[in-house]
Amino acid sequence: MAGRGSTGARRLRPLAGFAVAAAGAQNFLGARWVPAVLAVTPARRRREVALRLLAWSPHYFQPDDHDRHAAAERIRRTRQVLADEVLGRYLQMDDDVLDVGCGPGYLAAAVAPRVHSVTAVDVSRGALACARVLNPAPNVDYATVDEFIRGGHDVDVVYSVAVVQHLTDEAFVHALRGWHAALRPGGRLLVHVVVDDPRWRSEAQWRAERGPVGRLKFRLALNCFGRSADQVRRLVTAAGFGELDLVPMASLVDVDDDVAGQHLVVARRLDVADTATPLRGLVVPTQATPVDPFDLERVVPVPADTDPAR
């Protein structure tokens with residue numbers, strides 16, 4: 001595993017694609033006051049407050065999850081199963097791993113005993129603050145996208161669960177190129193996707209919506225996009241990945257979670273990488289402002305020789 005931590009800012013500029021991929025600041029948890037509240041909360045009450053904050057957010061708990069403690073334990077159990085029976089098949093003890101869109105950190109904490117280190121990134125500082133309270137581990141570093149970029153590290157594995165289905169194709173392409181740049185040569189990509197499911201509307205169907213409610217929902221809500229298997233393979237391959245397999249999750253795991261009926265992209269970064277030209281110069285809008293992760297017009301271009309980290 002040569003080159004641990006050797007990647008410099010030059011290769012990391014495309015990683016601002018993570019900002020688009022790690023959707024999480026579109027609800028109030030992205031506000032700056034959330035970490036501040038947890039910081040001043042007495043230690044004995046911090047876990048309870050973190051759970052209460054998560055329960056107020058529709059992004060992490062279901063609306064019918066009236067018992068936040070039970071909901072949290074259910075999430076912890078399902079993430080442990082995913083770590084053991086799905087991701088664990090592709091991880092090694094000396095791997096440095098990047099968890100994209102980690103949210104409150106249940107999956108990162110479950111993966112941590114299986115690897116050398118986990119860097120868990122999210123655009124929501126509030127979600128990260130909750131993760132540090134609820135799911136700490138000695139080898140897990142919860143960080144914003146910018147903090148990861150400034151750290152100048154590369155990794156052996158990038159994984160992402162329950163994120164890609166919220167991305168438009170353009171955002172997915174940005175994310176894939178960022179993940180490619182973060183991986184060491186030959187590094188592995190593990191991404192949960194929804195394919196060939198007629199219950200999920202495609203991006204084209206969302207864009208064809210002409211009613212004011214549908215158009216507003218497409219622009220501002222946390223939507224879910226279905227894709228064909230061929231479409232997923234084409235996007236991932238074009239970003240510089242090979243040895244691609246699209247594995248039904250049901251063949252790997254039996255768990256009470258939506259992901260069990262979906263798929264896992266397993267791919268490897270090609271050493272002839274850079275066949276796809278990285279998209280450079282993306283920066284993240286301020287976390288204090290609600291962000292529509294699909295509205296790329298709000299992602300401001302900067303010159304290619306400028307470090308986008310703020």
Side-chain angles (χ1 to χ4, degrees), residues 17-24 59-60 78-79 81-83 85-91 97-103 106-108 110-111 120-123 155 157-180 182-183 187-207 218 221-270 276 293-294:
F18 289 130
V20 181
H59 189 67
Y60 298 112
T78 59
R79 272 31 188 179
V81 173
L82 290 176
E85 299 186 21
V86 178
L87 299 179
R89 298 169 185 261
Y90 306 98
L91 299 175
V97 173
L98 182 64
D99 176 329
V100 179
C102 67
Y106 289 98
L107 187 56
V111 166
V121 301
D122 203 282
V123 297
V155 296
V157 179
V158 171
Y159 73 78
S160 186
V161 173
V163 171
V164 167
Q165 70 264 34
H166 300 306
L167 304 182
T168 63
D169 284 350
E170 186 172 3
F172 189 21
V173 167
H174 278 266
L176 284 165
R177 294 180 182 179
W179 300 343
H180 186 283
L183 284 166
R188 285 150 281 155
L189 178 71
L190 307 171
V191 178
H192 155 242
V193 294
V194 178
V195 297
D196 296 330
D197 189 332
R199 297 171 298 178
W200 291 60
R201 300 176 73 184
S202 69
E203 180 184 343
Q205 290 171 319
W206 275 106
R207 290 187 180 278
F218 171 73
L222 186 68
N223 298 307
C224 296
F225 304 105
R227 293 182 171 89
S228 70
D230 287 344
Q231 185 180 14
V232 170
R233 290 190 180 96
R234 175 172 51 81
L235 293 174
V236 174
T237 301
F241 293 94
E243 301 179 28
L244 190 154
D245 197 7
L246 197 56
V247 183
M249 297 279 273
S251 69
L252 304 177
V253 66
D254 181 10
V255 64
D256 182 19
D257 194 278
D258 289 346
V259 301
Q262 296 160 9
H263 286 72
L264 184 73
V265 172
V266 181
R268 188 174 295 276
R269 173 189 153 136
L270 298 179
F294 313 125

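This is a predicted model, so every value here is computed, not measured.
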Note to self: Donor-acceptor check, side chain of Asp245 to backbone of Val266, threshold 3.5 angstrom: yes or no?
What the structure shows: no

Item to complete: Output yes when a side-chain donor or acceptor of His263 lies under 3.5 Å from a complementary backbone atom of Val193, and no otherwise.
Response: no

ask   = For His180, does its backbone N or O pair with a side-chain atom of Arg269 as donor and acceptor, under 3.5 Å?
value = yes

d(Tyr159 OH, Leu107 CG) to nearest 0.5 Å is 4.0 Å

Would you indicate whether the side-chain heavy atoms of Gln231 and Asp169 approach each other to under 4.5 Å?
yes

To the nearest 0.5 Å, atom CZ of Arg227 lies from atom CZ of Arg234 at 10.0 Å

Heavy atoms of Val100 and Val163 approach each other most closely as O-CG2, 3.7 Å

To the nearest 0.5 Å, atom CZ of Phe241 lies from atom CZ of Arg188 at 12.5 Å

*Please check if the side chain of Arg79 supplies one atom and the backbone of Tyr106 the other of a donor-acceptor pair under 3.5 Å.*
no

**Item:** Side chain Arg89, main chain Leu252, donor-acceptor under 3.5 Å
**Value:** yes

| How about Val157 and Tyr90: do any of their side-chain heavy atoms sit closer than 4.5 Å? | no

Tightest non-hydrogen contact, residues Trp179 and Val164, listed as CH2-CG2, 3.9 Å

